Novice: 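My questions will all concern the structure given below.
Note that the coordinates shown come from a computational prediction; the quantities given were computed from them, not determined experimentally.
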Amino acid sequence: MKDCTVAAASIPVRQADVQANLETHARIVREAAAAGCELVVFPELSVTGHNASPEVTRVAEPHDGPILEVMAAQARESHIVIAYGFCEERRGTHYNTCALVGPDGLVGHQRKVHASYDEGYRFRQAYEWGVFDLGFCRVGIAICHDSDFFETWRILTLLGAELILLPHANRTLPARDGSLAFDGRGHEASAKQILRAQEEQLAERPWPPRMHDVLARDNAVFAVFADQVGFDGHSTHVGGAYVLAPDGSLLTRSEPDLDSALVVAELDPVVLRHARENPMYVLRKRRPEAYEELTRRQ
């Protein structure tokens with residue numbers, strides 16, 4: 001790993017409005033590049049929109065379709081790596097996919113493995129994990145619900161990841177007054193109601209979520225989180241962006257808001273090296289021969 005600067009973008013995404021979403025991406029990419037970033041991370045399904053409605057699959061594309069062409073042009077122009085999400089059409093079905101594209105074109109893509117809520121009705125679940133060498137660091141991707149499983153983080157780390165990307169499209173839980181729900185019933189709620197629901201959730205759980213900082217520490221990896229924000233025409237998203245260090249500490253984060261947020265952090269390879277040289281680093285003490293039950297029990 002080399003010294004590098006990364007950005008996480010919390011943005012509003014319009015349901016199935018690819019052109020509007022691409023324009024938002026282009027603006028944020030330019031901002032991240034102007035801030036000296038080598039990588040910018042967008043939320044889950046950031047180009048096509050997120051939910052299990054038919055509208056999403058109607059704008060699905062193969063991984064090498066027009067969306068990639070636009071993103072590749074932005075990456076070349078700004079000399080930056082872009083991580084973006086889209087509904088991928090592949091072999092007669094659809095995947096919730098995150099792609100990495102750099103100045104030289106497509107680097108790779110990760111398809112979501114664990115479906116959440118209603119996603120199983122529209123998206124096929126993948127089985128493979130990938131780690132991608134960006135030149136300045138090796139990156140793995142845990143798309144939203146994938147990051148809830150410790151196995152995801154451990155596999156990506158064992159495959160060589162130094163940085164794990166966490167693109168999300170978290171839908172709001174019901175507000176106490178019943179005005180909001182993740183399934184889109186919040187479309188008539190005011191901005192004030194949505195922000196209050198966000199604040200309620202953040203008051204009841206740490207921000208960032210405790211699980212992510214623990215998993216970043218246990219695996220000694222940097223982590224970059226980027227979430228959709230606001231109402232997309234179907235669902236309401238809670239928003240947020242942050243970057244974690246390999247010891248689980250917070251490098252930067254956005255504040256609860258209904259607007260776009262772009263956070264920037266410098267990643268120091270010395271911090272990564274020290275975390276992995278710690279005598280209590282669990283990957284130095286693993287005993288895989290004692291873990292057969294993990295694969296024997298279903």
Side-chain angles (χ1 to χ4, degrees), residues 5-51 55-56 58-89 95-112 132 134 139 141 143-144 163 165-170 224-235 237 239-243 254 257-265:
T5 304
V6 301
S10 177
I11 61 170
V13 176
R14 296 303 304 167
Q15 179 70 16
D17 192 342
V18 172
Q19 184 57 43
N21 294 333
L22 287 174
E23 292 171 1
T24 300
H25 282 66
R27 174 175 57 83
I28 298 296
V29 166
R30 289 192 294 268
E31 291 181 18
C37 296
E38 284 88 3
L39 168 68
V40 57
V41 181
F42 286 97
E44 177 184 17
L45 292 169
S46 59
V47 178
T48 53
H50 171 266
N51 64 68
E55 285 76 14
V56 171
R58 290 191 187 112
V59 295
E61 290 188 7
H63 72 270
D64 57 354
I67 291 174
L68 173 65
E69 294 177 4
V70 172
M71 287 298 191
Q74 294 177 10
R76 283 195 304 272
E77 179 182 343
S78 296
H79 303 285
I80 196 171
V81 178
I82 306 169
Y84 65 92
F86 70 108
C87 178
E88 180 189 6
E89 182 179 5
Y95 290 90
N96 179 338
T97 300
C98 178
L100 280 167
V101 62
D104 296 325
L106 181 67
V107 177
H109 49 266
Q110 175 68 57
R111 301 180 179 100
K112 192 171 184 178
F132 310 98
L134 304 184
V139 169
I141 303 170
I143 302 173
C144 201
L163 167 63
L165 312 185
L166 308 171
H168 275 57
N170 284 328
V224 179
F225 174 98
D227 195 6
Q228 289 190 29
V229 65
F231 181 65
D232 65 4
H234 179 279
S235 304
H237 300 274
Y242 56 79
V243 182
S254 65
D257 205 327
L258 297 178
D259 295 324
S260 297
L262 184 70
V263 300
V264 175

Novice: Name the one of Asn96, Thr97, Leu45 that satisfies side chain to side chain contact (heavy atoms under 4.5 Å, CB included) with Ile143?
Specialist: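 Single side chain to side chain contact (heavy atoms under 4.5 Å, CB included) partner of Ile143 among Asn96, Thr97, Leu45: Asn96.
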Novice: If I take atom CG from residue Asn170 and atom CD from residue Glu44, how far apart are they, to the nearest 0.5 angstrom?
Specialist: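 Here the interatomic distance stands at 8.0 Å.
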Novice: Measure the spacing between CZ of Phe132 and CD of Gln110 and express it to the nearest 0.5 Å.
Specialist: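 One finds 6.0 Å between CZ of Phe132 and CD of Gln110.
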Novice: Pair up each side-chain donor or acceptor in residues 30-38 with any protein partner under 3.5 Å, not counting sequence neighbours, and list the distances.
Specialist:
unit_1	atom_1	unit_2	atom_2	d
Glu31	OE2	Arg27	NH1	3.4
Glu38	OE1	Thr5	N	2.6

Novice: Considering the options Leu134, Val139, Val101, which one meets the side chain to side chain contact (heavy atoms under 4.5 Å, CB included) requirement together with Val107?
Specialist: Leu134
Novice: Tell me if a side-chain donor or acceptor on Ser46 pairs with a main-chain N or O of Tyr84 at a distance below 3.5 Å.
Specialist: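 Checked: no pair found.
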Novice: Shortest non-hydrogen contact from Ser78 to Val29?
Specialist: OG-CG1, 3.6 Å
Novice: As an exercise, state the distance from CD1 of Ile67 to CD of Glu61, rounded to the nearest 0.5 Å.
Specialist: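 CD of Glu61 is found 3.5 Å from CD1 of Ile67.
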Novice: Any side-chain heavy-atom pair from Val40 and His25 closer than 4.5 angstrom?
Specialist: no
Novice: In sequence, state the C-alpha distance, the side-chain angles, and the governing distance for Leu100 and Leu165, and then conclude on side chain to side chain contact (heavy atoms under 4.5 Å, CB included).
Specialist: CA-CA 11 Å; Leu100 280 167; Leu165 312 185; 4.0 Å; yes
Novice: Output side-chain donor-acceptor pairs under 3.5 Å for residues 13-22, partner residues at least two apart or in another chain, one line each.
Specialist:
unit_1	atom_1	unit_2	atom_2	d
Arg14	NH1	Phe231	O	3.4
Gln15	OE1	Asn51	ND2	2.9
Gln15	NE2	Ser53	OG	3.2
Asp17	OD1	Ala20	N	3.2
Gln19	NE2	Glu23	OE2	3.3
Asn21	OD1	Arg14	N	2.9
Asn21	ND2	Arg14	O	2.8
Asn21	ND2	Asp17	O	3.1
Asn21	ND2	Val47	O	2.8

Novice: Between Tyr242 and Phe225, what is the ring plane arrangement, given parallel below 30°, perpendicular above 60°, and tilted in between?
Specialist: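 The arrangement is parallel - the two ring planes meet at less than 30°.
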Novice: Could you tell me which residues satisfy salt bridge (Lys or Arg N to Asp or Glu O under 4.0 Å) with Glu55, sequence neighbours excluded, listed by chain and number?
Specialist: Arg58
Novice: Regarding Asp232 and His50, is there a side-chain donor-to-acceptor distance under 3.5 Å anywhere?
Specialist: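 Distance-only check fails for Asp232 and His50.
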